[in-house]
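A short write-up of the structure that comes next.
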Amino acid sequence: MAKYDHTQIETKWQAAWLTQQSAVVTEQADRDKKYYCLVMFPYPSGRIHMGHVRNYTIGDVIARYQRLRGRSVLHPMGWDAFGMPAENAAIEQGVHPASWTMHNISYMKQQLQRLGLSYDWKREITTCRPDYYQWTQWFFLKMYERDLAYRKRSAVNWCPKCQTVLANEQVIDGACWRCDTAIIQKELEQWFLRITAYAEELLAGCDRLTGWPERVLTMQRNWIGKSEGAEVTFPLQGRDDTITIFTTRPDTLWGATFMSLAPEHPLVERLTTGSPQAAEVRAFVERTSRLEKAARTAEEFEKEGVFTGAYAINPLTNRPIPIWVANFVLMEYGTGAVMAVPAHDQRDFEFAKKYRLPITVVVQNPDRTLTAETMTEAYVDEAGWMADSGAQTGLSQPDGKRAIIDHLVAHNLGARSVHYRLRDWGISRQRYWGTPIPMLYCDRCGVVPVPVEQLPVVLPRDVPFTGKGGSPLRESQTFLETNCPRCGGTARRETDTMDTFIDSSWYFLRYTSPRETDRPFRPEAADYWMPVDQYIGGIEHAVLHLLYSRFFTKVVRDLGLTTADEPFTNLLTQGMVIKDGAKMSKSKGNVVDPNQIIERYGADTARLFSLFAAPPEKDLEWDDHAVEGASRFLNRVWRLICDGADRVRAARRLPPFDPQHSSPRAQALLRALHQTIHKVTTDLDQDFQFNTAIAALMEFYNLLSQWETEGHAAATSTDGEAGEAAAHAAALNTLVLLLAPFAPHLAEELWRQLGHPASVFGERWPEAEPRWLKDELITIVLQINGKLRSQLQVPPELDEAEIQSRAMADPKLQPWIEGKTIRKRIYVPGRLLNLVV
RNA sequence: GCGAGAGUGGCGGAACGGCAGACGCGCCAGCCUUAGGAGCUGGUUCCCGCAAGGGAAUGGGGGUUCAAGUCCCUCCUCUCGCACCA
């Protein structure tokens with residue numbers, strides 16, 4: 001028998017599949033059969049790593065399985081090709097980002113092909129090519145037209161020594177990663193996308209994404225962070241000015257006894273100018289601005305503040321309340337001003353205790369009457385009745401909330417209001433290797449969009465990469481200087497490029513018709529393929545990429561280009577590949593090179609291991625030995641099939657045989673076979689439990705090889721022979737078919753050896769026949785007081801009374817029931833009998 | 001800190017609230033072989049016991065239930081995200 005030569009087999013079939021274009025798809029008349037399987041495209045960092053192997057194998061198993069189910073499967077691949085590493089390579093190695101990126105792409109593409117991934121390479125897209133990014137620019141212009149793109153001042157990390165902007169990743173403990181200089185915050189005019197305009201729809205949509213993991217939806221909901229409440233306007237005492245606050249607890253407004261402002265709040269300066277407190281407040285603001293925001297809001301963090309000397313008027317009590325500046329109030333949330341209700345907010349309570357500010361109870365605990373003097377913590381539950389609240393006194397808390405808002409609205413003191421935690425998306429990057437923002441600045445006309453006909457705004461090649469200075473594009477005179485399309489005068493181009501998250505926010509639409517030259521995609525193609533039926537990618541994208549893609553899809557829909565509301569119907573978030581307890585990384589020296597695994601064991605083994613070692617959503621611990629286990633299994637299957645191939649081919653010449661009349665041995669094999677089909681199918685359909693699907697195949701292999709050994713020992717039985725030959729042939733054929741999505745090369749090769757002239761991937765997935773799924777005997781577990789004491793093997797149709805009487809006669813049970821009264825019997829049909837004595 | 005998850009043998013992991021540890025790795029014993037990074041057979045949670053058998057055990061503690069890895073409360077540890085890494 002020939003040895004399992006994985007290299008020869010894999011090379012042969014990869015070439016054949018490529019020639020046959022077996023993964024190339026087009027739109028069919030019958031849209032019901034479409035299936036769009038998408039795995040997050042990679043950043044071309046250099047070479048693929050084990051995380052990619054795992055990722056793309058999962059996608060490939062799903063794609064191949066769906067094809068076997070008769071679906072027309074779109075399974076494309078491309079490159080998220082803009083990004084910082086290319087620019088860093090340019091700075092450090094002097095290689096142009098474009099050549100660095102394109103070189104990586106060609107290497108990684110070849111690596112992916114060696115894994116036997118069934119991509120429709122005719123649809124390959126690369127986001128750094130002008131034929132792609134011109135449409136990224138086009139979307140930006142459409143958003144600008146619709147007021148979804150706008151400019152505002154916003155802070156960036158700035159290294160004063162390198163004179164450059166740093167990404168958060170490039171800031172290590174508050175210092176520049178290149179020169180270790182302490183960074184500062186610098187305000188720049190930057191472009192933003194108005195994702196908040198879709199906050200409500202993005203939130204509501206979460207309820208309909210039933211194919212997404214609940215935890216991802218929870219993170220998205222929390223990220224959007226809707227809170228309902230009211231805006232309330234407080235007049236300032238002795239000034240013709242007001243402060244507006246947002247609160248989710250308008251029911252506690254009667255208890256607002258002071259006010260807290262964020263140190264950054266613009267009123268702070270105005271309120272204190274010329275007052276005796278000015279110096280103290282300024283020092284406090286200065287001190288707080290150096291602290292990290294995360295730390296400032298921490299629960300254990302020491303709450304500190306200073307009095308501004310000014311007072312506001314509580315619009316319900318009409319009493320003056322002092323205005324403080326507090327370190328735990330952030331300008332980003334709400335309005336940057338908070339009404340402080342110490343009786344019913346823990347932070348306010350601690351603050352009030354520390355600075356001896358008044359506390360008024362306005363929501364009474366129905367279980368235990370609260371008094372301001374004896375409280376040791378705030379009463380924050382929203383389940384009480386209103387106290388000391390003027391006209392609202394005595395109302396239930398929800399009624400009180402409604403009544404107070406009505407009062408505010410009626411007296412023009414405030415309004416019902418909704419706030420979101422979600423902020424608009426800052427997309428300006430002061431970097432070269434990204435999509436240029438297609439805008440111009442004209443001295444006469446101001447901010448002018450580049451006309452659509454002039455797209456793409458192409459990245460110039462002649463740019464020096466120094467890692468210093470601002471946007472590198474500023475250095476290119478040919479790029480910078482242009483004419484204003486409105487007045488014809490001189491204008492300069494925007495030199496910032498876009499956040500690369502934009503490139504990946506619409507690529508799934510481009511795949512549906514990737515060679516369109518006069519529009520981003522063909523709407524009919526998008527309507528045919530979209531939404532993506534199964535999206536696969538890392539859990540680390542739970543919020544940003546997945547939220548941005550949803551946002552883009554809704555914008556594209558509102559532009560009338562697609563009818564899809566949501567981009568991804570089902571989402572599978574898979575875990576990382578780790579080794580020795582840590583994420584594989586060059587710096588830790590724990591990387592495993594996929595090339596070496598493929599050379600030594602073959603792509604099928606690499607695929608099988610990465611599917612078998614852990615369920616897809618969990619982290620996968622790399623284990624060299626376990627890889628050998630996967631390899632061993634494939635070798636065993638190889639030998640078993642090669643061994644039996646002659647008999648399988650011969651069995652095809654036998655007359656048709658009714659398995660119902662075959663020997664018990666043959667029937668036992670068929671029963672195991674159909675149970676395996678059932679297990680593998682449900683594992684693939686329901687939860688992508690590839691690990692247990694493969695375990696089922698291993699179990700079936702074990703049983704089958706045992707079956708054959710016993711067959712040899714019993715020589716050949718007379719009347720069972722034809723039935724056993726048929727059962728054996730069915731077992732081998734089906735085993736290869738079930739293995740095909742996981743180990744496609746091996747399965748294809750073995751399929752031919754079993755005498756089939758055409759590809760295994762032209763077959764239909766087998767169906768488990770219900771009549772073979774029932775066992776001849778089932779096990780009933782016998783428990784005494786919930787503890788396992790014995791078991792019964794019984795035919796499945798046996799009734800409860802018979803099982804009871806057999807149980808009572810069971811000798812193993814006697815010591816436990818002798819001389820005891822049976823107080824209760826719990827019978828779970830087909831499973832167990834529990835006697836409580 | 002905020003938000004979201006996870007914790008089961010020596011290891012990766014299985015287990016509709018109903019037999020804890022499927023399957024695989026590793027290890028042990030045996031067979032085969034001139035040899036083995038090959039193949040085959042059997043064993044392998046821990047403790048007591050020659051055995052039959054019994055007891056304990058799913059991060060710690062508590063609870064619900066005839067029955068808890070699974071549900072509830074609480075604590076601990078680890079992982080991911082936090083808006084300029086992609």
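In what follows, every chain begins at residue 1, and chains take the letters A, B, ... in the order their sequences are listed. Every value quoted in this text rests on a predicted model; they were computed, and no experiment measured them.
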- Message: One pair to check against side-chain hydrogen bond (donor to acceptor under 3.5 Å, both in side chains): A:Asp499 and A:Tyr548. What are the steps and the verdict?
- Response: CA-CA 11 Å; A:Asp499 180 3; A:Tyr548 294 150; 5.2 Å; no

Using Watson-Crick or G-U wobble geometry with both distances below 3.5 Å, tell me the partner of [N], or none.
| N | value |
| --- | --- |
| B:A6 | B:U77 |
| B:U34 | none |
| B:A51 | none |
| B:A15 | none |
| B:G42 | B:C28 |
| B:A20 | none |
| B:C84 | none |
| B:U70 | none |

Between [N] and [M], how far is it from one [atom1] atom to the other, in whole Å?
| N | M | atom1 | result |
| --- | --- | --- | --- |
| B:G69 | B:G21 | P | 12 Å |
| B:U70 | B:U58 | C1' | 10 Å |
| B:G61 | B:G9 | P | 15 Å |
| B:C72 | B:G1 | C1' | 27 Å |
| B:A20 | B:C25 | P | 25 Å |
| B:C84 | B:C76 | C1' | 35 Å |
| B:A57 | B:C48 | C1' | 15 Å |
| B:G55 | B:A68 | P | 15 Å |

- Query: So which of A:Trp622, A:Phe690, A:Phe742, A:Phe633 actually passes ring-ring contact (aromatic ring centres under 6.0 Å, His included) with A:Phe609?
  - Reply: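 Per the ring-ring contact (aromatic ring centres under 6.0 Å, His included) rule, the option paired with A:Phe609 is A:Trp622, out of A:Trp622, A:Phe690, A:Phe742, A:Phe633.
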
- Message: What is the separation between atom CG on A:Leu634 and atom P on B:C25, rounded to the nearest whole Å?
- Response: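 Value for this atom pair: 12 Å.
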
- Message: Can you measure A:Glu350 atom CD to B:G1 atom C1' for me and round it to whole angstrom units?
- Response: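 So the CD-C1' distance, A:Glu350 to B:G1, works out to 14 Å.
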
- Task: Sort out for me which residue in A:Arg151, A:Arg153, A:Lys152, A:Gln430 forms a side chain to side chain contact (heavy atoms under 4.5 Å, CB included) with A:Gln190.
- Result: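 Running side chain to side chain contact (heavy atoms under 4.5 Å, CB included) over A:Arg151, A:Arg153, A:Lys152, A:Gln430 with A:Gln190 returns exactly one hit, A:Gln430.
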
Which of parallel (below 30°), tilted (30 to 60°) and perpendicular (above 60°) describes [X] and [Y]?
| X | Y | result |
| --- | --- | --- |
| A:Tyr535 | A:Phe568 | parallel |
| A:Phe41 | A:Tyr507 | parallel |
| A:Tyr56 | A:His52 | parallel |

Summarise protein proximity over [range] in one line of letters, 5' to 3': B for base, S for sugar-phosphate only, - for none, counting protein heavy atoms closer than 4.0 Å.
| range | answer |
| --- | --- |
| nucleotides 42-51 of chain B | ---------- |
| nucleotides 80-86 of chain B | SSSBBBB |
| nucleotides 9-24 of chain B | ---BSS-B-BB--BBS |

- Task: Please lay out, stage by stage, how A:Asp503 and A:Thr435 fare under the test side-chain hydrogen bond (donor to acceptor under 3.5 Å, both in side chains).
- Result: CA-CA 8 Å; A:Asp503 308 322; A:Thr435 302; 3.0 Å; yes

Say whether, by atom type as modelled, one donor and one acceptor occur between the side chain of [X] and the main chain of [Y] under 3.5 angstrom.
| X | Y | answer |
| --- | --- | --- |
| A:Glu87 | A:Trp433 | yes |
| A:Arg54 | A:Gly575 | yes |
| A:Glu92 | A:Ala89 | no |
| A:Asp775 | A:Leu777 | no |

- Task: For B:G61, decide between syn and anti, treating a glycosidic angle within 90° of 0 as syn.
- Result: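 The base of B:G61 is oriented anti (glycosidic angle more than 90° from 0).
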
- Message: Looking at A:Arg639, I'd like to know whether one of its side-chain N or O atoms comes within less than 4.0 Å of OP1 or OP2 on B:C40.
- Response: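 Answer yes for this pair, as a side-chain N or O of A:Arg639 is under 4.0 Å from OP1 or OP2.
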
- Message: Please classify the nucleic acid contact of A:Trp816 as base, sugar-phosphate, or nothing, using heavy-atom distances under 4.0 Å.
- Response: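 A:Trp816: backbone/sugar contact only, no base atoms under 4.0 Å.
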
- Message: On a heavy-atom basis, which atom in A:Ala743 and which in A:Leu634 lie closest, and how many Å separate them?
- Response: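 So the minimum-distance heavy-atom pair works out to CB-CD2, 4.1 Å.
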
- Message: Looking at every heavy atom in both A:Pro44 and A:Ile105, which two are closest together, and how far apart are they?
- Response: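 Smallest heavy-atom distance, with atoms named: CB-CG1, 3.6 Å.
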
